[in-house]
Amino acid sequence: MFWDKKIETISRSGLERLQLKRLKSTLAGINKNVPFYKDKLKKLKIKPDKIRNLEEIRNLPFTTREDLRANYPYGLLAVSLDHVVRLHTSSGTTGKPKAILFSRKDIEQAADLIARCLVMTGMKKNEVFQNMMSYGMFTGGLVMHYGAEKVGLLVIPAGPGNTDRQISLMQDFKSNAIHITPSFALYLADVLEKKGVDPRKDLFLKRAYMGAEPYTEATRNKIEAIYGIDVYNSYGLSEMNGPGVAFECPEKNGMHIWEDNFLVELVDPKTNGPVPEGKEGELVLTTLCREAMPIIRYRTGDLTSIIPGKCRCGRTHRRVSRMTGRTDDMFIVRGVNIFPQQIERVLMAIQGVGRNYQITLDSLDDMTVKVEIRKELFDGKVDHLVNLQNTITEKLRDEIMVRPRVELLEPGALPPSEGKAKRVLDNRTL
Ligand code: DLL
């Protein structure tokens with residue numbers, strides 16, 4: 001199903017023409033109205049009206065998170081304040097936040113992209129959508145809400161947490177779809193189990209939209225099996241409206257990134273040079289439709305690859321693979337570079353492993369992986385636990401080349417996560 005078939009299946013040449021037109025108009029706007037960009041373009045002697053093709057984007061300067069912080073609160077605004085109707089800030093950072101300002105048209109545009117995503121996965125009017133993401137400065141709540149309303153869904157603005165109430169709402173209103181972080185979906189599964197509610201029989205769910213934090217294919221499979229639903233990966237970041245930047249279609253083979261709104265590049269994080277299709281690189285995005293706060297060549301820090309080839313769903317917007325991590329997620333133990341995603345991939349594929357885990361870094365040479373395991377394994381037979389502990393340790397060693405200390409815990413022993421999970425606790429003082 002399509003929300004806007006014409007734009008979702010536009011020819012690549014038509015799309016590129018549209019992108020060039022929008023890029024030029026974005027650049028003209030920031031060159032006129034945003035001193036930060038005007039200075040940068042002037043130094044590089046770039047004239048927006050002289051840009052002839054999309055490849056020339058590579059001559060433009062990058063925008064970094066630090067640039068956003070340095071220009072807090074209004075430095076990157078391209079319109080006067082009377083055109084600005086909303087503020088979102090980015091989550092999970094320390095120090096000065098990044099402010100993202102929206103005009104009325106930007107809010108509409110963001111909602112439209114969400115509508116595209118939801119309809120793409122089969123959502124229709126008269127379905128019930130329970131939004132378990134935080135409402136407020138975080139974009140996961142409000143931006144998704146506006147898009148779901150635009151489709152005509154009944155939206156329950158439940159917000160995160162309050163697990164008992166979430167369950168009653170899902171039961172009473174027969175929610176068909178939930179918007180949830182993967183870590184909360186796993187925690188909710190634990191609570192449902194404790195309460196004796198079978199998500200496959202006692203709930204009415206068909207779909208979950210999961211994003212806002214990285215997770216693996218194994219975690220998706222686990223959640224799909226527990227709830228008996230389809231889980232769709234959803235990627236976005238506050239700096240680019242929040243959710244709705246890239247989203248899976250029913251093929252579930254990569255996320256379509258909406259290229260009429262975002263110009264997509266993949267760069268090598270070390271050399272800053274372009275990365276070919278199929279190879280991993282850092283996602284760099286340029287807004288093409290933003291009115292209040294256009295951003296060019298934004299270094300998202302997220303690592304992914306462009307999936308080559310056409311998608312069977314008929315959409316022409318290219319697909320990006322599941323994010324494998326962030327350039328700044330990586331940690332080093334015994335000189336080896338490790339991404340938390342590698343650990344999750346191994347853990348979630350092992351029989352007996354439960355729903356939550358945490359990595360603690362105690363020194364440059366030591367890491368501990370705390371893993372919740374299935375309740376039945378605490379049956380008094382020590383052999384089972386020792387075998388499982390050895391399996392986990394060896395499989396992790398094969399993957400990351402470092403033998404971690406593995407602690408097995410009972411379900412619920414680790415702190416539950418209602419928003420974005422904190423998977424790595426770095427106790428090292430360097
Ligand atoms: O997390 C927006 C969002 C809300 C996306 C709801 C999807 C669903 P921020 O708080 O600014 O915005 O965090 C953005 O989260 O740069 C990624 O590192 C990470 N992230 C978001 N979605 C995914 C995903 C929202 N599906 C940062 N897979 C991004 C992996 C993700 N990482």
Side-chain angles (χ1 to χ4, degrees), residues 117 120-122 177-190 199-200 205-237 243 245-257 266 277-283 300 302-309 311-313 315 318-327 329-330 337-359 369 371-374 391-392 395-396 398-400 417 420-421 423-424:
C117 299
M120 171 165 78
T121 65
I178 51 176
H179 183 214
I180 189 166
T181 58
S183 44
F184 188 42
L186 289 168
Y187 173 68
L188 181 63
D190 265 344
R200 303 178 74 105
L205 293 179
K206 288 195 276 194
R207 306 179 181 96
Y209 301 105
M210 280 191 353
E213 61 187 17
Y215 60 107
T216 58
E217 201 57 35
T219 300
R220 183 229 296 266
N221 294 340
K222 194 165 197 156
I223 294 173
E224 287 193 331
I226 296 171
Y227 290 86
I229 55 172
D230 284 308
V231 168
Y232 295 95
N233 195 6
S234 150
Y235 166 80
L237 60 162
V245 174
F247 217 86
E248 277 181 327
C249 69
E251 298 292 325
K252 291 196 211 156
N253 182 16
M255 296 178 281
H256 289 282
I257 185 154
L266 240 66
E277 261 190 8
K279 292 266 175 310
E280 188 173 274
E282 179 183 345
L283 184 64
T300 66
D302 293 317
L303 296 170
T304 183
S305 58
I306 303 270
I307 299 177
C311 183
R312 284 204 303 216
C313 77
R315 286 175 185 81
R318 286 177 299 170
R319 288 162 299 158
V320 287
S321 62
R322 184 178 289 285
M323 305 289 141
T324 47
R326 293 185 51 82
T327 46
D329 255 3
M330 196 189 75
N337 297 351
I338 302 171
F339 283 96
Q341 294 299 95
Q342 291 175 279
I343 311 246
E344 178 172 320
R345 198 162 48 238
V346 170
L347 292 179
M348 290 299 160
I350 298 176
Q351 277 277 334
V353 166
R355 292 163 193 159
N356 207 351
Y357 70 95
Q358 200 169 57
I359 303 158
V369 180
V371 194
E372 287 185 10
I373 60 168
R374 304 283 309 159
T391 307
I392 295 175
K395 290 207 164 159
L396 283 174
D398 288 350
E399 170 72 30
I400 60 176
S417 164
K420 294 197 191 220
R423 295 293 188 200
V424 183

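We're numbering straight along the sequence, starting at 1.
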Taking the side chain as every heavy atom from C-beta outward, state whether [X] and [Y] have any pair of such atoms under 4.5 Å apart.
X      : Y      : result
Pro340 : Asp329 : yes
Glu217 : Lys222 : no
Asp302 : Val320 : no
Ile306 : Ile257 : no
Asp230 : Glu224 : yes
Thr216 : Gln342 : no

Check [X] against [Y] and note the closest heavy-atom contact, atom names and distance.
X      : Y      : value
Ile343 : Val369 : CG2-CG1, 4.1 Å
Ala208 : Ile180 : CB-CG2, 4.5 Å
Arg319 : Asn253 : NH1-O, 3.2 Å
Val231 : Arg220 : O-NH1, 2.7 Å
Arg326 : Thr300 : NH1-O, 3.0 Å
Ala189 : Ile226 : CB-CG2, 3.9 Å

Using side chain to side chain donor-acceptor pair (under 3.5 Å), reason through Glu344 and Tyr357 one step at a time and then give a plain yes or no. CA-CA 8 Å; Glu344 178 172 320; Tyr357 70 95; 2.7 Å; yes
So, does [X] use its side chain to make a donor-acceptor pair with the main chain of [Y] at under 3.5 Å?
X      : Y      : value
Arg318 : Pro308 : no
Glu213 : Ala421 : yes
Arg355 : Glu372 : no
Glu248 : Asn233 : yes
Ser305 : Ser321 : no
Thr304 : Met323 : no
Thr324 : Leu303 : yes

Going through the distances and angles, do Ser234 and Cys117 end up as a side-chain contact (heavy atoms from CB on, under 4.5 Å)? CA-CA 9 Å; Ser234 150; Cys117 299; over 6 Å; no
Derivation of the side-chain contact (heavy atoms from CB on, under 4.5 Å) call for Cys313 and His256: CA-CA 10 Å; Cys313 77; His256 289 282; 3.4 Å; yes
Can you check side-chain contact (heavy atoms from CB on, under 4.5 Å) on Met255 and Tyr232, steps first, answer last? CA-CA 9 Å; Met255 296 178 281; Tyr232 295 95; over 6 Å; no
Any chance you could lay out the side-chain contact (heavy atoms from CB on, under 4.5 Å) test for Ile338 and Ile359, step after step, and finish with the verdict? CA-CA 11 Å; Ile338 302 171; Ile359 303 158; over 6 Å; no
Would you call the rings of Phe247 and Tyr209 parallel, tilted or perpendicular, where under 30° means parallel and over 60° means perpendicular? tilted
To the nearest 0.5 Å, atom OG1 of Thr219 lies from atom CZ of Arg345 at 10.5 Å
